[in-house]
J.: 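My questions all concern the structure below.
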Amino acid sequence: MDAIYGAGGYIKAGGRTVVSTQPSGANEHHVIVTIKPTTYVETTGGPEQSMAGGTSEYLVTLKERESGYVLTDYVKIAS
């Protein structure tokens, strides 16, 4: 992302939606997310490119705080 924005490009992300979560340990959760298509341009005046959307799975680690929970780590699970 830094390289794209640094070269004058841009990213238009379609967004993500959490489909489901399931506890997977004391502070871990298995999370399934759908990702909408994304378009991007790598450099100023470069061609617009796209990435198809899809579904991704993550193992996320949360830490409890007084005001709620904080995401401390996440790992994409190969699909």
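Heads up: numbering here begins at 1 and tracks the sequence.
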J.: Would you check if Met1 and Ile11 make a side-chain contact, meaning some heavy-atom pair closer than 4.5 Å?
T.: yes
J.: Applying side-chain contact (heavy atoms from CB on, under 4.5 Å), run through Gln49 and Thr39 and close with a yes or a no.
T.: CA-CA 6 Å; Gln49 301 178 62; Thr39 57; over 6 Å; no
J.: Would Val18 end up clustered with Ile77 when hydrophobic side chains under 4.5 Å apart are linked, directly or stepwise?
T.: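 No, no single cluster joins them.
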J.: When Ile32 is tested against each of Thr21, Thr55, Thr17 for side chain to side chain contact (heavy atoms under 4.5 Å, CB included), which residue passes?
T.: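 By the side chain to side chain contact (heavy atoms under 4.5 Å, CB included) criterion, Ile32 pairs with just one of Thr21, Thr55, Thr17: Thr55.
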J.: Can you name the closest pair of heavy atoms from Ile4 and Val41 and give their distance?
T.: CG2-O, 3.3 Å
J.: So do Tyr58 and Val33 actually touch side chain to side chain, heavy atoms under 4.5 Å?
T.: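 Yes. Closest side-chain heavy atoms under 4.5 Å.
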J.: Looking at side-chain heavy atoms only, is the closest gap between Leu71 and Leu62 below 4.5 Å?
T.: yes
J.: Looking only at non-hydrogen atoms, find the nearest pair between Val75 and Asp73 and report the distance.
T.: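 Smallest heavy-atom distance, with atoms named: CG2-OD2, 4.3 Å.
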J.: Could you tell me whether the side chains of Tyr10 and Glu48 share a donor-acceptor contact shorter than 3.5 Å?
T.: yes
J.: Heavy atoms only: give me the nearest Ser56-Ile35 pair and the separation to one decimal.
T.: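 Ser56 and Ile35 have their closest heavy atoms at OG-CD1, 3.4 Å.
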J.: How many angstroms lie between atom CD of Glu28 and atom OG1 of Thr72, to the nearest 0.5 angstrom?
T.: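 Result: 9.0 Å between the selected atoms.
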J.: Looking at every heavy atom in both His30 and Ser24, which two are closest together, and how far apart are they?
T.: N-CB, 4.0 Å
J.: Donor-acceptor pair, Thr38 side chain versus Met51 backbone, under 3.5 Å?
T.: no
J.: Using the rule that Ile, Leu, Val, Met, Phe, Trp and Tyr join whenever any side-chain heavy atoms are under 4.5 Å apart, tell me whether Val19 and Val60 fall into a single cluster.
T.: no
J.: Could you state the interatomic distance from CD (Glu57) to OG (Ser20), rounded to the nearest 0.5 Å?
T.: 8.0 Å
